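Structure record follows, encoded as structure tokens.
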Amino acid sequence: MAAMRHLLRSNNNGYLYCFSTHQIRRIATADATLDHSTCGVKRQKKLKEVARRVCDVIRRRPTWESTLLSEFPQEDLLHPSCIAEIFRRQSGNALLTLRFYLWLSSHQGANRFSPEAILSALSKAKAWKASLHFLRSTKCRPQTSSLESFAARLCEEGNDLEESLETILELKRVLDFSPSLLLTWNTALSRSLRIGRTDLVWRFYEEMINCGIAGDATTIRCIAQAFCKEGKMSEALELLRDISKGGVMTPDAFTFNKLVSGFCRAKNYEKVSETLHLMIQIGCKPTIFTYQEVIYGLCRNGMAGEAYRVFNDIKYRGYVHNVFSYTMMIDGLCKMGQVEHARDVWQEMMRNGLVPNEYTYNVVVYGYCKMGDMDEAKKMYEEMLSRGCKESIVSCNTMIGGLCSNGRIDEAWEWFERMPDRGIDRDSNTYSIMIQGFCQGGRMKEALDLYYNLLEVGLQPRVAFYTRMIQAFCEEGNVSMATEILNDMVSRGLEPLVITHDYMISGHCRRGDACTAMGLLWKMLKGKMRPRCATFENLVESLSLADRAGDALRVLDAMYKAGYVLGTSLCHSLVGRLCSENHQHAGEHLEEVLGR
DNA sequence: TTAGGGTTAG
């Protein structure tokens, strides 16, 4: 009854409803497999009938635990076939299933359902909460080996690692059991890492140490990776140094590679070199992957020249580059404008019999687009296709962007239109690139049509997209369109960038609507946003042209408060204007403002 | 047990 009370209490917080129908079926199946006994068809039929009646009782009667055995013959009720049938029938009801489990476990002497079997069935069904609950409420202690495999399963398959950890802590507290298998702990560490929960890595690791488990190279790799993920590469390096010094174990190259990659990203090349030295010192030879991390890091940090030096240097030291290395190197060199070197690298790759892949072609196509050599870009694109590499959203966006930025808007549009025929879905970047192309070419009508089309097909434009659209319309002087787009953006829950308001103000000025522009400026200042200097200047000029000297001065005042200085030419024209006959007073006021 | 990456746009 204690178990029963516990159950009912638990029921209030929904604790037991962690069973799904599917899980219960699995439990039933698992238990059915426990039944190895054979008996006659007649006996089976009888057992099924008993099971049906038992189910009826336990479903209808609020309490049945204390009387069930007196109502049915024990040899029937506790027969594995009968029990399996009960589980099968009860599989849709989590609460009753567990209650029956608990009842069974209190009669375990009389049947074959040991706590080990029940725990195993529950964990196979991934009913972790119910397993823990079963252990708690029955206070039984399954054999250590059974708990061990339960913990292993929990760490390997538990869908909430934090909950797994809590369970492990509870097992320790309540049953004085801790997993002793290194595998279990390493699995938990790796999985924590994979889901990006370094906090769990530390907690599992601490518990593992508390349990007196010594880690191995895998453990160290997880710990080092966790440090790297948190940007604490130096700590990781010290850890690896200490471990290597003791000579107990040698961390693997994979671990070091993560470290090299982290230091490269942080542009800490001194530490990169320190790490490489440590590797060599302890006999963990850097692999091609290690150097690829270095080359990639250098390229990404705009040091393609240095990367090229490393790239060539390691070739002479016996390392063999693969397509990945070549692609990375070509990309780095292209982005630095070192096209000649990029060509050399490409040719070398071909000489070495390597086959460029989709990535390689994409970086080359992009390189030619950036150089403005669209014919060569197209040629490479064709070659890519003829070699059986697939075009993709990336290759299409690259080409469309290249054509647009080289003023070949119509060709870009052709590519854009042909994409569905090629079996490639356009994304919001594709639209963004094309619309930007139309904007740059002053083809606002087409830009706008495409924008509506984008909304129609249900794509979600990003902030950068809106910013560019609004900028283009403002520069066109089409402020009403810009306003409409801005409103649309806000209605989609996107926050405009500060500069968007600058564009709007200048757009109104361009149309000669200094009044609205000024209203927007005050709004910006009220919202603690800092307009750009050019925005103030545009507005001052616009107001002065509109003969609104007083307002111009007020804006000028705000401009000074924002820490800007009025440019000389604008200052002269303003003074000239204000000093004309009609504005004697304002002119004096301006001198006052400037004289402060 | 674990387990490698990269290209467009921003």
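This structure is a prediction, so every number in the text was calculated from the model and none was measured. A note on names: the letters A, B, ... follow the listed sequences, proteins ahead of strands, and every chain is numbered from 1.
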Round to a whole Å and report the spacing from [atom1] of [X] to [atom2] of [N].
X      : N      : atom1 : atom2 : answer
A/F289 : B/dG6  : CZ    : P     : 13 Å
A/I195 : B/dT2  : CD1   : P     : 14 Å
A/M419 : B/dA9  : CE    : C1'   : 12 Å
A/K258 : B/dA3  : NZ    : C1'   : 8 Å
A/N322 : B/dG6  : CG    : P     : 14 Å
A/M434 : B/dA9  : CE    : C1'   : 14 Å
A/I393 : B/dT7  : CD1   : P     : 16 Å
A/M469 : B/dG10 : CE    : P     : 15 Å

When we call it a touch if two heavy atoms are under 4.0 Å apart, what does [X] touch: a base, just sugar-phosphate, or nothing?
X      : value
A/R194 : sugar-phosphate
A/T327 : base
A/Y359 : base
A/R468 : sugar-phosphate
A/Y361 : nothing
A/N357 : base
A/E293 : nothing

May I ask you to check if A/R153 and A/W128 form a cation-pi contact, with NZ or CZ under 6.0 angstrom from the six-membered ring centre and within 45° of the axis?
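That pair does not qualify as a cation-pi contact.
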
Considering all heavy atoms, the nearest A/A307-A/C299 contact
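For A/A307 and A/C299, the tightest heavy-atom pair comes out as CB-SG, 3.8 Å.
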
Measure across A/A266 and A/M233 and return the closest heavy-atom pair with its distance rounded to 0.1 Å.
CB-CE, 4.0 Å

Heavy-atom count around A/R197 CZ within 6.0 Å, excluding the residue itself: above 12?
yes

Audit row: A/E306, A/R309, salt bridge (charged side-chain N to carboxylate O under 4.0 Å, His left out) steps and yes/no
CA-CA 5 Å; A/E306 191 62 20; A/R309 202 186 57 74; 3.1 Å; yes

Taking atom types as modelled, find out whether A/N429 and A/S432 have a side-chain donor-acceptor pair closer than 3.5 angstrom.
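No, because no side-chain N or O of A/N429 sits under 3.5 Å from a partner of the opposite role on A/S432.
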
Counting just side-chain N and O atoms, does [X] come under 4.0 Å of either OP1 or OP2 of [N]?
X      : N      : result
A/Y366 : B/dA9  : yes
A/Q436 : B/dG10 : yes
A/R221 : B/dT1  : no
A/K370 : B/dT7  : no

Candidates [options] - which lies nearest the side chain of [X]:
X      : options             : result
A/N429 : B/dT1, B/dA9, B/dG6 : B/dA9
A/T398 : B/dT1, B/dT8, B/dG6 : B/dT8
A/V394 : B/dG6, B/dA9, B/dT8 : B/dT8

